[in-house]
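Remarks on the structure that follows.
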There are 2 protein chains.
Amino acid sequence: MELQSTDTIGALERLRAVKLRPTRQRLALAQLLFDTGDHHVTAETLYDQAQAAGVRVSLATVYNTLHQFTAAGLLREVVVNSACTYFDTNVTDHHHFFYEDRGTLADIDSADIDIRGLPEAPDGAKISRVDVIIRLT
Amino acid sequence: MELQSTDTIGALERLRAVKLRPTRQRLALAQLLFDTGDHHVTAETLYDQAQAAGVRVSLATVYNTLHQFTAAGLLREVVVNSACTYFDTNVTDHHHFFYEDRGTLADIDSADIDIRGLPEAPDGAKISRVDVIIRLT
DNA sequence: AATCAAATTAAAACGATTCTAAACTGTTGA
DNA sequence: TCAACAGTTTAGAATCGTTTTAATTTGATT
Ligand SMILES: [Mn+2]
Ligand SMILES: [Mn+2]
Ligand SMILES: [Zn+2]
Ligand SMILES: [Zn+2]
């Protein structure tokens with residue numbers, strides 16, 4: 001008997017862990033996202049990767065899935081311009097280089113930047129995240 | 001004889017300094033932007049301020065003017081979300097609090113954040129800017 | 001005042017993203 | 001095994017901030 005690939009098993013378990021029904025589309029997108037190393041995608045780039053891999057999935061589902069994965073903590077959003085939304089498979093605390101020409105991101109480990117004297121959050125506000133973007137030309 | 005207000009003179013000189021023809025619309029927008037303290041606007045908020053002040057100007061001209069002022073160095077853009085573009089009358093080196101609920105920004109002086117061990121720009125790239133966004137909820 | 005480049009504008013177009021509502025599918029329990 | 005149903009997918013329409021178009025108006029120059 002034929003075993004499922006370990007990739008499929010990994011994606012399946014990941015979906016189960018966050019209580020998302022493992023549909024054909026979500027399994028395929030999870031493999032594209034999580035079975036390669038950490039990387040950054042937009043809805044369009046992930047949709048194109050799916051097409052290239054022969055996965056039949058609509059752009060609407062790609063958007064739905066990216067948001068569901070983000071809400072589940074499997075992805076995070078990175079805001080670098082108003083043109084499009086980037087999603088990051090690396091959900092650890094880290095920062096980014098942004099290559100403005102190419103529109104690509106590269107990770108900077110949090111330990112590699114030392115931020116001191118971070119101001120207190122004013123009055124009743126709480127800090128939800130600190131983003132450092134180093135823009136490159 | 002009646003003198004022009006110092007506000008108008010300030011706006012006029014500012015436009016002349018960057019070689020932008022001082023039209024009625026650009027003078028009025030320059031006053032709204034630069035004669036009050038430093039602040040952050042979107043095209044919509046500035047358009048609304050103009051309406052409220054009785055300035056007749058189209059939204060297209062507000063967009064044109066914001067981009068021209070930015071290209072001239074009178075404004076800078078701040079990217080905090082994909083929903084809309086913020087323009088900042090403070091063009092000195094500084095960072096931002098972003099109140100995610102309200103969609104408003106507050107300045108953090110560059111001297112108040114101490115960033116050490118900023119990674120080198122990879123290979124042939126040059127750092128064009130370092131943005132720190134502290135997101136508040 | 002005549003001229004002409006520059007600027008303004010209403011309206012249309014654009015494009016990333018979201019919404020709608022109909023079809024489909026995974027899960028469950030009889 | 002399979003009916004039932006909630007959850008999911010999808011094509012296509014809608015949304016909305018922003019940009020473009022192309023016609024009109026205006027500011028500067030002579
Ligand atoms: Mn989102
Ligand atoms: Mn712009
Ligand atoms: Zn990253
Ligand atoms: Zn600012």
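All heavy atoms count here, side chains included; hydrogens, waters and symmetry mates do not. This one's a predicted model, so the numbers in the text were calculated from it and none came from an experiment. Chain A is the first sequence line, chain B the second, and so forth, proteins listed ahead of strands; every chain is numbered from 1.
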Close N/O contacts between protein and nucleotides 28-30 of chain D (under 3.5 Å):
none

Discussion item. Taking 4.0 Å as the cut-off, does a side-chain nitrogen or oxygen of A/H67 come that near to OP1 or OP2 on C/dT18?
Written reply: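 Yes, because at least one side-chain N or O of A/H67 sits under 4.0 Å from OP1 or OP2 of C/dT18.
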Given atom [atom1] of [X] and atom [atom2] of [N], what is their separation to the nearest angstrom?
| X | N | atom1 | atom2 | value |
| --- | --- | --- | --- | --- |
| A/K19 | D/dG7 | NZ | P | 15 Å |
| A/R26 | D/dG7 | CZ | C1' | 8 Å |
| B/L20 | C/dT8 | CG | P | 9 Å |
| B/R16 | C/dA6 | CZ | C1' | 17 Å |
| A/Y63 | C/dG15 | OH | P | 13 Å |
| B/L59 | C/dA10 | CG | C1' | 11 Å |
| B/F69 | C/dA7 | CZ | C1' | 13 Å |
| B/N64 | C/dA7 | CG | P | 10 Å |

Discussion item. Counting C-beta onward and ignoring hydrogens, is there a side-chain heavy-atom pair between B/V41 and B/Y86 closer than 4.5 Å?
Written reply: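 No, their side chains stay 4.5 Å or more apart.
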Discussion item. Any non-hydrogen side-chain atom of B/L15 less than 4.5 Å from a side-chain atom of B/L12?
Written reply: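 Counting from C-beta outward, B/L15 and B/L12 never come under 4.5 Å.
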Worksheet entry | Earlier contact from the 5' end, DNA chain C, for B/S82 and B/Q68 |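 That would be B/Q68.
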Worksheet item: Distance-only, no hydrogens or angles: does the B/D48 side chain make a donor-acceptor pair with backbone N or O of B/Q51 under 3.5 Å?
Response: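 Absent.
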Worksheet item: Taking the side chain from B/T65 and the backbone from B/V62, do they hold a donor-acceptor pair closer than 3.5 Å?
Response: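 Flag not set: sc B/T65 to bb B/V62 has no pair under 3.5 Å.
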Practice prompt. Among D/dT18, C/dT17, C/dT9, find the nucleotide with the atom closest to the side chain of B/S58.
Written response: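 Out of D/dT18, C/dT17, C/dT9, the nucleotide with an atom closest to B/S58's side chain is C/dT9.
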Worksheet item: Can you name the nearest heavy-atom pair linking A/P119 to A/I127, along with the distance?
Response: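 Closest approach of A/P119 to A/I127: O-CD1, 4.2 Å.
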Worksheet item: Salt bridge between A/D131 and A/R76, side-chain N to carboxylate O under 4.0 Å?
Response: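 Looking at A/D131 and A/R76, the cut-off is met.
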Practice prompt. Would you kindly compare A/T23 and B/R24 by the position of their nearest DNA chain D nucleotide and give the one closer to the 5′ end?
Written response: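 Here A/T23 is the residue nearer the 5' end.
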Discussion item. Students often get this wrong, so: under 4.0 angstrom with heavy atoms, is B/T61 touching a base, only sugar-phosphate, or nothing?
Written reply: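 The residue B/T61 makes base contact.
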Discussion item. Which residues pass the ring-ring contact (aromatic ring centres under 6.0 Å, His included) test with B/F34, not counting sequence neighbours?
Written reply: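 Residues passing ring-ring contact (aromatic ring centres under 6.0 Å, His included) with B/F34: B/F69.
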Worksheet item: Does any residue of residues 42-50 of chain A have a heavy atom under 4.0 Å from DNA chain C, and if so, which ones, in number order?
Response: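 Nothing qualifies; none.
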Worksheet item: Between B/D88 and B/H94, is any side-chain donor less than 3.5 angstrom from a side-chain acceptor?
Response: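 Per modelled atom types, B/D88 and B/H94 side chains form a pair under 3.5 Å.
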Practice prompt. Supply the atom-to-atom distance A/L33 CG to A/R26 CZ, rounded to the nearest 0.5 angstrom.
Written response: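 If we round to the nearest 0.5 Å, A/L33:CG and A/R26:CZ are 13.0 Å apart.
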